[in-house]
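Everything on this sheet refers to the single structure shown next.
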2 protein chains.
Amino acid sequence: MKILVVEDEKGLAESIVDYLTKEGFICEVANTFWQADEKVSLYQYDCTIVDLTLPDGEGFGIIQTLKKIAATTGIIIISARNTLEDKIKGLEIGSDDYMTKPFHLSELNARVKSLIRRRNFGGNNDMAWREIRVQLQARKVFVGEKETLLSRKEYDLLLYFLSNIDVALTKESIAEHLWGDHMDSADSLDMVYSHIKNLRRKILEKGGRDYIQSIYGIGYKFAAS
Amino acid sequence: MKILVVEDEKGLAESIVDYLTKEGFICEVANTFWQADEKVSLYQYDCTIVDLTLPDGEGFGIIQTLKKIAATTGIIIISARNTLEDKIKGLEIGSDDYMTKPFHLSELNARVKSLIRRRNFGGNNDMAWREIRVQLQARKVFVGEKETLLSRKEYDLLLYFLSNIDVALTKESIAEHLWGDHMDSADSLDMVYSHIKNLRRKILEKGGRDYIQSIYGIGYKFAAS
DNA sequence: GGAAACATTTGGGAATTCAGAAGAAAAGTC
DNA sequence: GACTTTTCTTCTGAATTCCCAAATGTTTCC
């Protein structure tokens with residue numbers, strides 16, 4: 001899961017990233033609205049956290065822009081202003097949640113998780129395809145009737161596949177999804193191989209079929225036969 | 001997909017080419033604006049990456065020239081200058097995107113892909129003609145109801161044919177499309193024969209008709225009877 | 001018929017992927 | 001904090017796939 005943090009205070013941005021990274025999210029930071037705009041149009045994020053009080057622009061405008069560019073991104077506003085009008089306006093305009101400074105990181109974390117659950121998977125909290133089934137809120141993965149325990153990377157990888165059934169994914173886009181954009185393309189290939197291998201093994205061990213197809217020179221595809 | 005990199009710093013040019021080549025693009029380099037001019041007027045590129053700060057000329061002029069010569073080419077400017085005016089001017093003049101040095105190669109890659117996606121209208125569409133059908137997203141090729149597995153070159157070749165139905169393609173333009181212009185013209189012809197043959201075989205094997213017509217002395221044409 | 005162009009076959013070699021294991025890092029436990 | 005356990009990363013060599021080049025056979029054109 002990838003999160004974009006739009007915040008100009010370096011200290012705050014850093015502590016948010018620290019916290020959320022430890023929670024298993026891939027985090028990236030934009031210091032200005034302009035940067036945020038660019039990043040959102042280039043990459044996909046599961047959630048965007050926006051501080052409304054940045055120096056370089058009118059706050060509410062950017063929310064609408066973000067919405068337009070990437071309709072799939074959930075948005076959480078953080079703001080120093082605590083007026084009810086602002087809150088309502090924020091929600092009306094398209095943000096999904098609203099927090100006022102100061103706040104506890106643990107609360108932000110909880111809201112992010114709740115938001116991602118809500119957005120990506122509507123009311124039903126499972127993803128399923130063939131005999132593979134994932135309970136998102138419980139973070140459990142089943143192969144047929146048997147549960148298999150996946151590590152964080154394996155879990156993220158499986159979810160990435162499940163939300164891209166029958167689509168050819170390049171090794172690079174997989175790497176980018178699992179580690180963010182700070183990775184050297186060359187270095188990350190071995191890691192991708194490794195995690196693919198582990199995921200395959202764990203699914204096979206539970207009696208599942210190997211749906212991860214290798215595409216020579218390209219990457220992988222999750223598909224039936 | 002072919003990309004032209006206009007950059008005089010050998011090191012930077014090389015690392016860009018390395019990275020994008022691994023991503024599956026065909027890359028060529030021009031060290032000067034003059035060279036770039038020539039190349040663009042001779043060949044077709046899906047995207048041109050231009051460093052504005054080359055020694056041999058006024059930067060913005062070349063963008064307009066490129067646009068005029070090859071309106072179909074997407075243009076990404078890279079520049080050391082970070083002023084807003086430059087950025088705006090660049091976009092006004094007809095570039096599609098703007099990056100400031102230094103940048104991550106992964107970001108450049110993302111921008112190239114996003115640009116190509118934009119230009120090709122979504123890119124998620126299928127291509128089909130007679131009983132040949134290609135699902136671009138899944139990178140699947142069907143002949144009638146049967147799927148056939150193509151290697152990278154074969155796949156590229158088929159796509160080239162499908163986007164040039166009923167058009168006579170010279171062997172040279174095919175070679176140039178598959179390998180770029182760093183090929184010895186003589187050597188590459190045999191390779192073209194080879195890949196043509198493999199593509200033919202794979203389509204015939206699945207019960208398809210042979211739509212690749214040889215035109216003696218010229219090249220090939222993808223057409224019905 | 002002869003020369004040029006095209007087609008097919010083959011094998012070496014490069015690039016890519018895989019499997020196993022060991023080392024490094026992180027997380028959990030007492 | 002020191003220990004164990006898990007996860008992540010890196011490394012090695014083997015296996016696979018594909019690309020290319022050369023040799024040979026076939027067709028087309030004049």
Side-chain angles (χ1 to χ4, degrees), chain A residues 18-26 139 141 148-158 168-172 174-175 177-180 182-205 210 212-221, chain B residues 17-19 21-26 139 141 148-158 168-180 182-205 210-222:
Chain A
D18 273 7
Y19 196 102
L20 293 179
T21 303
K22 286 203 175 113
E23 289 289 321
F25 293 104
I26 314 290
R139 207 190 163 285
V141 177
T148 181
L149 300 171
L150 299 187
S151 75
R152 193 143 65 194
K153 295 288 182 208
E154 289 154 12
Y155 183 78
D156 284 353
L157 182 57
L158 177 61
L169 302 172
T170 65
K171 299 176 295 293
E172 288 76 12
I174 291 173
H177 185 83
L178 290 179
W179 290 279
H182 321 292
M183 275 285 141
D184 213 352
S185 168
D187 293 348
S188 53
L189 293 189
D190 275 348
M191 301 194 288
V192 173
Y193 293 146
S194 217
H195 291 291
I196 290 273
K197 179 191 58 184
N198 292 332
L199 180 57
R200 271 179 171 151
R201 178 172 49 75
K202 288 195 178 178
I203 291 177
L204 286 173
E205 271 174 1
D210 180 15
I212 303 177
Q213 300 176 10
S214 310
I215 310 173
Y216 189 94
I218 306 289
Y220 298 90
K221 182 170 66 178
Chain B
V17 168
D18 272 8
Y19 196 102
T21 303
K22 283 195 181 125
E23 290 286 325
F25 294 105
I26 314 286
R139 206 185 170 286
V141 178
T148 181
L149 301 171
L150 300 187
S151 77
R152 203 160 23 179
K153 295 290 181 203
E154 289 154 12
Y155 184 79
D156 286 352
L157 182 57
L158 176 60
L169 302 172
T170 65
K171 298 177 296 293
E172 287 77 11
S173 82
I174 291 172
E176 201 256 313
H177 186 262
L178 290 179
W179 291 280
H182 29 70
M183 275 280 140
D184 228 345
S185 172
D187 290 350
S188 53
L189 294 190
D190 274 351
M191 302 194 292
V192 172
Y193 296 146
S194 219
H195 290 292
I196 291 274
K197 187 213 67 180
N198 291 332
L199 181 57
R200 271 177 169 151
R201 177 173 51 75
K202 288 196 179 178
I203 290 177
L204 287 173
E205 270 175 1
D210 181 15
Y211 295 117
I212 304 177
Q213 300 175 10
S214 310
I215 310 172
Y216 191 91
I218 307 292
Y220 298 91
K221 182 170 71 174
F222 204 80

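Here is how names work: the chains are called A, B, and so on, in the same order as the sequence lines, proteins then strands, and each is numbered from 1. Side chains included, hydrogens not; waters and symmetry mates left out as well; all remaining heavy atoms used.
- Checking A/Ile196 against B/Asn198, the closest nucleotide of DNA chain C that is more toward the 5' end is the one next to B/Asn198.
- When heavy atoms are screened at a 4.0 angstrom cut-off, B/Leu178 is found touching no nucleic acid atom at all.
- When the C1' atom of D/dC18 is taken as reference, atom CG of B/Asp156 falls 13 Å away, rounded to whole Å.
- Between A/Leu158 atom CG and A/His195 atom NE2 the span is 14.0 Å, to the nearest 0.5 Å.
- Listed pair B/Arg200 / C/dA7 meets the phosphate criterion, a side-chain N or O lying under 4.0 Å from OP1 or OP2.
- Between the CG atom of A/Leu199 and the P atom of D/dT7 there is a distance of 13 Å, rounded to whole Å.
- Phosphate proximity of D/dT9 to A/His195: present, with a side-chain N or O under 4.0 Å from OP1 or OP2.
- Side-chain atoms of B/Tyr193 stay outside donor-acceptor range of the base of C/dA5, with no qualifying N/O pair under 3.5 Å.
- Between the A/Lys221 side chain and the A/Ser214 main chain, no donor and acceptor come within less than 3.5 Å of each other.
- Taking CZ of A/Arg152 as the reference point, atom CG of A/Leu157 lies at 14.5 Å (rounded to 0.5 Å).
- Listed pair B/Ser151 / D/dC19 meets the phosphate criterion, a side-chain N or O lying under 4.0 Å from OP1 or OP2.
- Phosphate proximity of D/dC19 to B/Tyr155: absent, as no side-chain N or O sits under 4.0 Å from OP1 or OP2.
- As judged by a 4.0 angstrom heavy-atom cut-off over every strand, B/Ile215 is placed among residues touching the sugar-phosphate backbone only.
- B/Tyr220 pairs with exactly one of B/Ile215, B/Ile174, B/Leu169 by the side-chain contact (heavy atoms from CB on, under 4.5 Å) rule, that one being B/Ile174.
- The side chain of B/Trp179 places an N or O atom within less than 4.0 Å of a non-bridging phosphate oxygen (OP1 or OP2) of D/dC20.
- Between the B/Lys202 side chain and the B/Leu149 main chain, a donor and an acceptor come within less than 3.5 Å of each other.
- The OH-C1' distance, from B/Tyr220 to C/dA7, rounds to 8 Å in whole Å.
- If you measure from atom CZ of B/Arg152 to atom C1' of C/dA14, you get 12 Å, rounded to the nearest angstrom.
- Taking only distance into account, the side chain of A/Ser214 never meets the base of C/dT16 through a donor-acceptor pair shorter than 3.5 Å.
- Atoms NZ (B/Lys197) and C1' (C/dA5) sit 17 Å apart, rounded to a whole Å.
- Contact annotation: B/Tyr216 does not reach the phosphate of D/dC30 (side-chain N/O to OP1 or OP2, under 4.0 Å).
- Regarding contacts with the backbone of C/dA19, every side-chain N or O of A/Arg201 stays at 4.0 angstrom or more from both OP1 and OP2.
- Dashed line: the shortest gap from a side-chain N or O of B/Lys171 to OP1 or OP2 of C/dC6 is under 4.0 Å.
- Atom CE in B/Met191 sits roughly 16 Å away from atom C1' in C/dC6 (whole-Å rounding).
- In this structure, CD1 of A/Ile212 is placed 9 Å from P of C/dC18, rounded to the nearest angstrom.
- The nearest whole Å value for the distance from the CZ atom in A/Arg139 to the C1' atom in D/dT7 is 12 Å.
- Side chain of A/Arg200 to main chain of A/Ile212: a donor-acceptor pair is present (N/O by atom type, distance under 3.5 Å, no hydrogens or angles).
- Heavy atoms of A/Lys153 sit under 4.0 angstrom from primed sugar atoms or phosphate atoms, though from no base atom.
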